[in-house]
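Every heavy atom of this structure was used, including side-chain atoms; hydrogens, water molecules and symmetry mates were not. The residues of the chain are indexed from 1 along the displayed sequence.
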Amino acid sequence: MTLRTAFTTLAEYNAAKANDLEKALLQSGTLPISASALLAHLQGTPRLKFNFEKAHALHPDVPIQFAEALFILMGQDGQQIPSVDVLRALKTLGSDKERLDSRFRFYMGMSAADEFFRTHPNHSHMSINIPADAVASRFFLPKLTEAVDLFRAAHPGKGLILEMLEDKSWDKQTHGKAMADIAKLGVGWAVDDYGAYNGHHTINSLRLVKRYAGDMPPIVKIDGHLLERSLNSGKMIPVIATLQNVQKHCPEALLVFEWIKNDGQIAVLQTAMDNAGLSKLSIDYVQGKHFRQAQPCVL
């Protein structure tokens, strides 16, 4: 029996996956606070909250309207538990740590997709952050293939974008084969937080997103910290150097400028780009600094 025929709805599939994960957590013996909060959510206590940061297109001919899916897990004291802490805690549970970590990511991604398109019916795509270690895992591609099948059955005509996190390096030898196979599924790729001071993205990341973009245009998101520092100081050299790399190694990329607060900042950036000979690049999308708090300006 295939997954497509075993579960008729995304909700049924999520329920089954949640049940499996709940059993794994209960059998682990001791539960750290993050895993305990996740278990409470799975048992019916609402602890999981999804947030979606919309990308606003500047140009009407840009073909993708998308937002980034993020989730927040709340502890017993009502305080936010960072998702990375949840994943770190889950890696200590069970006999097959990598599989449990993969199962959790899969469940979260599918749940986020269901909620996102329920609340954003006019969007064409949803993007999800993906760490380099996950793509390198032998469990990731089979799980993603299952997810894409179910996702398309539940949300026909909608698309997915995977954002390459900057926490570790990406290279062709480690990630190329998986990225190529994922592109064949019709899933897009984006480089997240390019230019981050403590990030690990290099020109290798740009080459990868260009090579394995598949049918969708590659997307490069310029780091919000970098943009904020430059706009506050008036020193555009770091931003220009970052964009010069993009123009050289992935000139066809759609550019997303993070943490943009108003159209005045857009004008400053565009002027600096034109003065540096980067007029062929465009600010295709902007994203607000903080979802829920400072929304992007109306463009």
Side-chain angles (χ1 to χ4, degrees), residues 53 55-59 62-64 66 68 127-133 135-136 161-180 182-183 187-260 265-287 289:
E53 186 175 5
H56 294 256
L58 281 171
H59 305 293
V62 174
I64 299 172
F66 71 97
E68 181 178 350
S127 66
I128 303 176
N129 293 336
I130 298 295
D133 286 349
V135 176
I161 300 168
L162 302 186
E163 297 190 12
M164 303 158 60
L165 285 177
E166 76 286 355
D167 58 336
K168 291 189 178 180
S169 299
W170 294 72
D171 61 78
K172 180 181 176 182
Q173 182 177 0
T174 306
H175 305 100
K177 176 63 167 58
M179 291 184 69
I182 290 168
V187 176
W189 283 101
V191 177
D192 190 34
D193 289 334
Y194 188 69
Y197 173 75
N198 58 347
H200 290 80
H201 282 313
T202 65
I203 58 175
N204 286 336
S205 301
L206 299 176
R207 290 169 175 165
L208 285 172
V209 78
K210 175 181 178 179
R211 180 165 184 169
Y212 301 117
D215 296 332
M216 292 177 56
I219 298 172
V220 177
K221 301 179 68 176
I222 306 302
D223 179 58
H225 291 282
L226 171 67
L227 291 168
E228 185 175 62
R229 287 195 302 270
S230 295
L231 287 166
N232 288 342
S233 67
K235 299 177 180 178
M236 293 291 123
I237 293 177
V239 172
I240 295 304
T242 298
L243 292 172
Q244 286 172 335
N245 277 332
V246 176
Q247 180 172 261
K248 181 177 181 179
H249 299 285
C250 194
E252 57 275 88
L254 293 177
L255 289 178
V256 180
F257 284 61
E258 299 179 335
W259 294 20
I260 298 300
Q265 291 185 336
I266 296 172
V268 170
L269 289 166
Q270 194 66 69
T271 298
M273 292 164 65
D274 293 343
N275 291 340
L278 297 173
S279 56
K280 291 183 179 180
L281 294 181
S282 62
I283 303 175
D284 297 301
Y285 294 96
V286 297
Q287 284 188 296
K289 180 176 179 179

Exercise. Does Gln173 CD have over 12 foreign heavy atoms under 6.0 Å away?
Worked result: no
Problem set entry | For the student: nearest non-hydrogen atoms of Met236 and Ala272, plus distance | CG-CB, 3.7 Å
Problem set entry | Residue pair Leu254 / Asp284: nearest heavy atoms and the distance that separates them | CA-OD2, 3.3 Å
Exercise. Can any side-chain N or O of Ser127 pair as donor or acceptor with the backbone N or O of Leu162 at less than 3.5 Å?
Worked result: no
For this session: Any chance you could measure Ile260, atom CD1, to Glu228, atom CD, to the nearest 0.5 Å?
Result: 10.0 Å
For this session: Please examine the side chains of Lys172 and Asn204, heavy atoms only from C-beta on, and report whether any two atoms are closer than 4.5 Å.
Result: no
Exercise. Would you call Phe257 and Ile266 a side-chain contact if the rule is heavy atoms closer than 4.5 Å?
Worked result: no
Problem set entry | 4.5 Å side-chain heavy-atom contact, Ser205 and Met164 | yes
For this session: Decide if atom CD1 of Ile203 counts as having more than 12 heavy atoms of other residues, nucleotides or ligands within a radius under 6.0 Å.
Result: yes
Problem set entry | Point-to-point distance, once rounded to the nearest 0.5 Å, from NE2 of His249 to CD of Gln244 | 10.5 Å
For this session: Could you pull out the closest heavy-atom pair between Pro218 and Cys250, with the gap in Å?
Result: CG-SG, 3.8 Å
Exercise. Which atoms form the tightest heavy-atom contact between Ile283 and Met273, and what is the distance?
Worked result: CG1-SD, 4.1 Å
Seminar exercise, completed: Nearest heavy-atom approach of Asp167 to Ala132 is OD1-N, 4.3 Å
For this session: Step through the shown structure and confirm whether more than 12 heavy atoms of other residues, nucleotides or ligands are within 6.0 Å of CG on Asn232.
Result: yes
For this session: Look up atom CD1 in Ile222 and atom CG in Leu243, then write down how far apart they are to the nearest 0.5 Å.
Result: 5.0 Å
Exercise. Ignoring hydrogens and geometry, is there a side-chain-to-backbone donor-acceptor pair from His175 to Val135 under 3.5 Å?
Worked result: no
Problem set entry | pair Trp259-Leu231: side-chain heavy atoms closer than 4.5 Å | no
Problem set entry | CD1-NZ distance between Ile240 and Lys235, expressed to the nearest 0.5 angstrom | 15.0 Å
Exercise. Under 3.5 Å, is there a donor-acceptor pair between the side chain of Gln287 and the main chain of Glu53?
Worked result: yes
Exercise. Got Ile182 and Trp189 here, is their nearest side-chain heavy-atom distance under 4.5 Å?
Worked result: yes
For this session: Give the minimum heavy-atom separation between Leu226 and Pro238, together with the two atoms involved.
Result: CD1-CB, 3.7 Å
Exercise. When rounded to the nearest 0.5 angstrom, what is the spacing between CD1 in Ile161 and CD1 in Ile130?
Worked result: 12.0 Å
Problem set entry | Trp170 (side chain) donor-acceptor with Leu165 (main chain) under 3.5 angstrom | yes
For this session: Give the C-alpha distance, both sets of side-chain angles, the deciding distance and a yes or no for side chain to side chain contact (heavy atoms under 4.5 Å, CB included) between His225 and Tyr197.
Result: CA-CA 8 Å; His225 291 282; Tyr197 173 75; over 6 Å; no
Exercise. Can you list every pair that meets salt bridge (charged side-chain N to carboxylate O under 4.0 Å, His left out) and has a residue in residues 187-213, with sequence neighbours left out?
Worked result: Asp192-Lys221
Exercise. Looking at side-chain heavy atoms only, is the closest gap between Leu227 and Val239 below 4.5 Å?
Worked result: yes
